[in-house]
Amino acid sequence: MKWLKRVALFVVAALAIFIFGWAPWWLAGLATTRRFVYNDKENAGLTPASFKLPYEEVTFQSSDGVPLKGWWVPAPNAHGTVVLVHGLNRSRIEMVRKLPFLNHLGWNALLFDLRHHGDSGGNVSTFGFYEKQDVHAATALAHARSQGPVVLWGVSLGAAAVTLAAAEDPGVAALVCDSSYRSLRDTVAHHLSLFRGFRWWLRIVPNWPVADEVVFWMGRRGHFDPDAVDIRAAAAHLAGRPCLFVCNSGDRRMPSEIAFELKAAAGPQAHVLVVPGTSHGGAYRDGTAAYESAVSEVLGAASSASPPVRMAVGR
């Protein structure tokens, strides 16, 4: 009977190591260090030239030296520039179908690959912590290329990154934040609950304390402070600027109430657009007319507002 007891103790110990040790470490690596490329069949092969728009390949650097690749798409007599930022595991092509709309309204566009994505450099994803530096670099490039206001438009990870960047940079004239999360800690807990339904072996992994362990290892493996990725707190620093928060009504990954919470934090100049549908980040496709109308209002407000104060160089 002793050997049965030893076997039972071994199994319990192995399960404990798996659940509270290996699983959080593995999930954190999956989120931060693995370079997974989403098969974007909807936009595969598209460039601005696919819409008969002139464009230029651009290369620039984030403040920590990470090389970034993108496309500069000019508009004649432009009112300003919109910086378009894609979501996690995607690339700049996720945003390419928005170009004809922006060009028709007379806005330049800058699309680029975030670090650890697409053709850009970098070896970790940090859910906005370092990506906001990429957005700052893109904003600086937009100002250097053209006069007029700069508006940030991001989806999912891109939405979080542009909100964090705009909170630090009063020179950003307006914001379109589509399908963002509240904070890294909140979205890890939420997604772990979802993943437990996708993988049978994850059903034995309890949400607490494993979610907190995943966040801990994400910070360690990505070399950043996870608690600094707080989008709701950043939204509170957007007061006075036009903001649009977009969501899909049935998005399980980023529930629609998040957009309303971010709007409440951002103040009276902010608005929410809820698009019917269950996709994550697909609101532009699912409700193009309403989406374009709402963005047109944001761009109109940005172009008519007083020039914002530019962020100090070197910040």
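When reading the values below, keep in mind they use all heavy atoms of this one structure, side chains included, and skip hydrogens, waters and symmetry mates. Counting from 1, the numbers follow the sequence of the chain as shown.
Contact annotation: the side chain of Thr278 never approaches that of Arg252 to less than 4.5 Å [non-hydrogen atoms, C-beta and beyond]. Contact of the Asn123 side chain with the Arg35 side chain is not registered, since no non-hydrogen atoms from C-beta on lie closer than 4.5 Å. With contacts defined as side-chain heavy-atom distances shorter than 4.5 Å, the pair His117/Ser91 does not qualify. Within the 4.5 Å cutoff, the side chain of Glu257 has heavy atoms near those of the Arg182 side chain. Counting heavy atoms from C-beta on, the side chains of Leu68 and Leu141 never come closer than 4.5 Å. Between Arg145 and Asn108 there is no side-chain heavy-atom pair separated by less than 4.5 Å. Residues Arg92 and Lys69 meet the side-chain proximity criterion, which asks for heavy atoms closer than 4.5 Å. Looking at Val124 and Arg221, their side chains never come closer than 4.5 Å, going by heavy atoms from C-beta outward.
At least one donor-acceptor pair under 3.5 Å links the side chain of Ser249 to the backbone N or O of Gly277. Under the 3.5 Å distance criterion, the side-chain polar atoms of Ser146 are left unmatched by any main-chain donor or acceptor of Ala142. Side chain of Tyr130 to backbone of His223: a donor-acceptor contact under 3.5 angstrom is found. Looking at Asn248, its side chain never comes within 3.5 Å of a backbone N or O of Gly250 through a donor-acceptor pair. His86 places a side-chain N or O within donor-acceptor distance of the main-chain N or O of Leu114, the cut-off being under 3.5 Å. Side-chain N or O atoms of Asp178 include none that pairs as donor or acceptor with a backbone N or O of Ser156 at under 3.5 Å.
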Evaluation steps, side-chain contact (heavy atoms from CB on, under 4.5 Å), between Val172 and Val135 = CA-CA 11 Å; Val172 171; Val135 178; over 6 Å; no
Hey, mind stepping through Leu84 and Leu102 against side-chain contact (heavy atoms from CB on, under 4.5 Å) and telling me if it holds?
-> CA-CA 11 Å; Leu84 297 160; Leu102 293 173; 3.9 Å; yes
How far apart are the C-alpha atoms of Thr126 and Glu131, what are their side-chain angles, what is the distance that settles it, and do they pass the side-chain contact (heavy atoms from CB on, under 4.5 Å) test?
-> CA-CA 7 Å; Thr126 61; Glu131 289 81 0; 2.6 Å; yes
Salt bridge (Lys or Arg N to Asp or Glu O under 4.0 Å) evaluation trace for Glu42 with Arg90 = CA-CA 12 Å; Glu42 180 182 0; Arg90 306 292 286 258; 5.2 Å; no
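Checked by atom type, the side-chain pair Arg115/Ser62 shows a donor-acceptor distance below 3.5 Å. A donor and an acceptor atom, one from each side chain of Thr139 and Asp169, are nowhere located under 3.5 Å apart.
Within the structure, the ring pair (Phe, Tyr, Trp, His ring centres under 6.0 Å) test picks out the following pairs touching residues 43-71 (sequence neighbours left out): Tyr55-Trp71, Phe60-Phe112.
Rounded to the nearest 0.5 Å, atoms OG1 (Thr32) and CG (Leu30) are 8.5 Å apart. To the nearest 0.5 Å, the span separating SG on Cys247 from NE2 on His280 amounts to 11.5 Å. From Gln133, atom CD reaches atom CG of Leu164 across 11.0 Å, with rounding to the nearest 0.5 Å. Between the OG atom of Ser279 and the CZ atom of Arg285 there is a distance of 4.5 Å, given to the nearest 0.5 Å. The structure places OG of Ser125 at 12.0 Å from CZ of Phe36, a figure rounded to the nearest 0.5 Å. A distance of 9.0 Å separates CZ of Arg97 from OG of Ser50, quoted to the nearest 0.5 Å.
Note: Trp153 and Tyr284 have perpendicular aromatic rings, judged against thresholds of 30 and 60 degrees for the angle between ring planes. Ring pair Trp107/His79 is tilted by interplanar angle, where 30° to 60° counts as tilted.
Nearest heavy-atom pair, Ala259 versus Phe245, reported as atom, atom and distance to 0.1 Å: O-CB, 3.8 Å. Nearest approach of Ala31 to Phe127, heavy atoms of both residues: O-CE1, 3.5 Å. Nearest heavy-atom pair, Ile231 versus Ser180, reported as atom, atom and distance to 0.1 Å: CG2-OG, 3.5 Å. Residues Val155 and Gly281 share a closest heavy-atom pair of CG1-CA, 3.8 Å. Contact detail for Ala211 and Ala189: the closest heavy-atom pair is CB-CA, 3.9 Å. Nearest heavy atoms, Ala109 versus Leu99: CB-CD2, 3.4 Å.
Linking ILVMFWY side-chain heavy atoms closer than 4.5 Å, directly or via other members, places Val272 and Leu175 in a single hydrophobic cluster. Transitive grouping of hydrophobic side chains (ILVMFWY, heavy atoms separated by less than 4.5 Å) brings Leu152 and Val229 into a common cluster. Residues Val176 and Leu262 do not share a hydrophobic cluster, defined by chaining ILVMFWY side chains whose heavy atoms lie under 4.5 Å apart. The cluster map of Ile, Leu, Val, Met, Phe, Trp and Tyr, joined by side-chain heavy atoms under 4.5 Å apart, puts Leu27 and Val215 in the same cluster. Under the 4.5 Å side-chain heavy-atom criterion for ILVMFWY residues, a single connected hydrophobic cluster contains both Val246 and Val151.
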Acceptor/donor pairs from residues 293-302 side chains to any protein atom, 3.5 angstrom cut, sequence neighbours excluded:
residue : atom : partner : partner atom : Å
Ser296  : OG   : Glu292  : O            : 2.7

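Every residue meeting the side-chain contact (heavy atoms from CB on, under 4.5 Å) condition with Thr187, not counting sequence neighbours, appears here in chain and number order: Tyr181, Leu184, His191, Met254.
In this structure, Gln147 places its CD atom where only 12 or fewer heavy-atom neighbours from other residues, nucleotides or ligands lie under 6.0 Å away.
The only option from Ile258, Leu244, Thr163, Leu238 that meets the side-chain contact (heavy atoms from CB on, under 4.5 Å) definition with Cys177 turns out to be Thr163.
Judged by a 6.0 Å distance limit and a 45° cone about the ring axis, Lys132 is positioned over the six-membered ring of Phe129.
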